[in-house]
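In this chain, residues are counted from 1 in sequence order. Nothing here was measured: the structure is a model prediction, and the numbers come from that model.
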Amino acid sequence: MAKLNFGGTEENVVTREEFPLAKAQEVLKNEVVAVIGYGVQGPGQALNQKDNGINVIVGQRKGTKTWDKAVSDGFVPGETLFEIEEALEKGTVICYLLSDAAQIALWPTVKKHLTPGKALYFSHGFGITFNEQTGIIPPADVDVFLVAPKGSGTSLRRMFLQGRGLNSSYAIFQDATGNAFNRVIALGIAVGSGYLFETNFKKEVYSDLTGERGTLMGCIQGIFAAQYEVLRKNGHSPSESFNETVEELTQSLMPLVAENGMDWMYANCSTTAQRGALDWWKRFRDATKPVFEELYNSVATGVESQKSIDSNSKEDYREKLDAELKELRDSELWQAGKTVRSLRPENQVVEA
């Protein structure tokens with residue numbers, strides 16, 4: 001394990017240089033990795049492991065769209081694709097990748113298949129951290145750990161196919177076998193992590209829930225909407241408002257930040273842009289920090305987790321979700337975006 005300096009703080013990090021794929025394959029050579037759930041994270045993690053030579057099977061309900069997707073992705077019924085209970089019985093490592101609400105519902109079934117020496121793998125600290133709400137309390141004689149890729153399952157798979165890797169965190173909640181570290185790191189490498197940084201279940205879920213509601217999704221959508229509405233109110237066209245609010249950020253500036261950092265991006269913009277950004281960023285920080293503090297407190301006190309459980313466990317959850325997503329999809333902001341995206345050169349059909 002390497003110790004690297006992150007802005008003045010040393011942290012434990014595992015890279016592919018010190019834990020190469022060959023080592024991961026050796027650690028996992030006698031394991032059967034059962035991926036339970038083939039929705040958001042399941043496909044990317046299962047396919048990456050499969051391509052990396054890991055003995056991976058998928059557990060799903062027969063006759064569902066996700067079963068059919070697993071078949072189309074190359075998993076073979078009766079060989080590498082099974083009903084959930086059969087996969088749970090066969091697996092020595094249970095990758096529990098269902099939604100948080102579905103994990104709660106299936107937990108009694110999963111628990112009875114957690115025989116001594118098996119491993120229970122998560123990609124989110126939710127179920128374990130909020131166990132008073134979820135009821136997910138593993139037996140003491142199994143390893144319990146997580147690998148949490150810092151991105152969607154789609155990004156994990158896409159970057160893997162590009163020969164790249166998505167950063168992941170890892171944590172060990174319970175080391176029953178004495179081999180939990182090797183197992184979790186091997187799995188982290190096998191699913192396509194670029195490197196793995198150390199955390200614990202509570203910190204993972206607190207940071208994750210804050211991030212999703214904050215800069216990753218909730219906050220960024222709110223900021224997009226606010227700036228777009230101000231520009232439109234002041235007479236700017238939808239195309240101009242969208243380009244100045246979203247398109248330039250996502251297509252030009254954020255790639256530069258990803259490559260070299262915000263300081264480099266600032267240094268390579270016009271002096272007018274630099275001056276304005278330097279004058280205004282602290283005002284935005286000061287305006288939003290109280291909201292982030294309120295958000296983090298809501299996560300840490302279990303308010304957000306309970307809201308999620310209550311909402312996502314209802315039978316009409318999907319219908320209500322679709323209605324809320326429709327509001328976003330049908331808004332002028334994202335309808336304008338649909339047209340702007342279609343005009344990108346790479347999306348144009350060029351006749352020979």
Side-chain angles (χ1 to χ4, degrees), residues 35-45 60-61 64-66 84 94-111 120-138 144-156 168-171 173 199-225 288 290-329:
V35 173
I36 308 301
Y38 207 75
V40 178
Q41 279 288 335
Q45 293 202 28
Q60 263 302 340
R61 298 292 184 204
T64 61
K65 290 181 180 179
T66 45
I84 289 176
I94 308 303
C95 289
Y96 207 21
L97 301 181
L98 293 167
S99 69
D100 296 321
Q103 284 186 17
I104 296 170
L106 191 65
W107 176 244
T109 301
V110 173
K111 188 175 181 180
L120 180 61
Y121 166 112
F122 294 88
S123 282
H124 193 17
F126 191 102
I128 293 292
T129 301
F130 300 113
N131 58 31
E132 291 185 0
Q133 296 169 336
T134 66
I136 297 177
I137 302 174
V144 182
F145 43 66
L146 68 77
V147 172
K150 297 297 105 179
S152 69
T154 300
S155 298
L156 182 72
S168 300
S169 61
Y170 77 91
F173 179 75
T199 188
N200 60 45
F201 273 65
K202 180 181 287 187
K203 288 179 179 177
E204 191 286 326
V205 71
Y206 283 14
S207 62
D208 190 66
L209 293 184
T210 300
E212 290 167 348
R213 286 150 179 76
T215 60
L216 302 179
M217 295 173 68
C219 174
I220 199 71
Q221 165 60 22
I223 290 173
F224 283 162
T288 59
V291 181
F292 279 101
E293 288 173 340
E294 181 183 352
L295 166 58
Y296 191 87
N297 183 63
S298 187
V299 169
T301 56
V303 172
E304 293 301 309
S305 56
Q306 193 61 55
K307 282 182 183 178
S308 178
I309 292 169
D310 292 344
S311 172
N312 299 349
S313 299
K314 293 178 180 177
E315 290 185 3
D316 62 350
Y317 164 68
R318 287 292 173 187
E319 290 79 1
K320 289 184 176 179
L321 173 65
D322 288 342
E324 291 183 89
L325 292 177
K326 187 176 186 298
E327 179 184 356
L328 277 180
R329 186 170 57 248

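- Interatomic distance, CG of D322 versus CZ of R329, reported as 7.0 Å (0.5 Å rounding).
- Of the candidates R318, K314, K320, D316 forms a salt bridge (Lys or Arg N to Asp or Glu O under 4.0 Å) with just one, namely K320.
- Summarising the geometry of F173 relative to F201, their closest heavy-atom pair is CB-CE1, 3.4 Å, with the distance given to 0.1 Å.
- Heavy atoms only, all atoms of each residue included: N297 and T301 are closest at O-OG1, 2.7 Å.
- Between F126 and F130, a ring centre-to-centre spacing shorter than 6.0 Å is recorded.
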Audit row: V291, R213, side-chain contact (heavy atoms from CB on, under 4.5 Å) steps and yes/no: CA-CA 11 Å; V291 181; R213 286 150 179 76; over 6 Å; no
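- Atom CD of E327 is surrounded by 12 or fewer heavy atoms from other residues, nucleotides or ligands within 6.0 Å.
- A side-chain donor-acceptor contact under 3.5 Å links N131 to the backbone of I128.
- Counted by atom type alone, Q41 and S123 present zero donor-acceptor pairs between their side chains at under 3.5 Å.
- Here NZ of K111 is found 6.5 Å from CD1 of I137. Values are rounded to the nearest 0.5 Å.
- The aromatic rings of W107 and Y96 sit tilted relative to each other, their planes meeting at an angle between 30° and 60°.
- In this structure, S311 contributes its side chain and K307 its backbone to no donor-acceptor pair below 3.5 Å.
- Formation of a donor-acceptor pair under 3.5 Å by the E304 side chain with backbone atoms of S298 is not found in this model.
- By the neighbour-count criterion of 12 heavy atoms within 6.0 Å, atom CD of E294 is sparsely surrounded, having that number or fewer from other residues, nucleotides or ligands.
- Taken to the nearest 0.5 Å, the CZ atom of F145 stands 12.5 Å off from the OH atom of Y170.
- The heavy-atom pair separating T129 from G125 by the smallest distance is OG1-O, 2.8 Å.
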Intermediate values then yes/no, side-chain contact (heavy atoms from CB on, under 4.5 Å), I94 and L120: CA-CA 5 Å; I94 308 303; L120 180 61; 4.2 Å; yes
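- The pair K150-E204 counts as a salt bridge, with a side-chain nitrogen and a carboxylate oxygen less than 4.0 angstrom apart.
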Verdict with supporting geometry, L106 and L98, side-chain contact (heavy atoms from CB on, under 4.5 Å): CA-CA 9 Å; L106 191 65; L98 293 167; 3.4 Å; yes
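- Taking all atoms of both residues into account, the shortest heavy-atom contact from H124 to L146 is C-CD2, 4.1 Å.
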Residues Q45, L156; criterion side-chain contact (heavy atoms from CB on, under 4.5 Å); working and verdict: CA-CA 8 Å; Q45 293 202 28; L156 182 72; 3.6 Å; yes
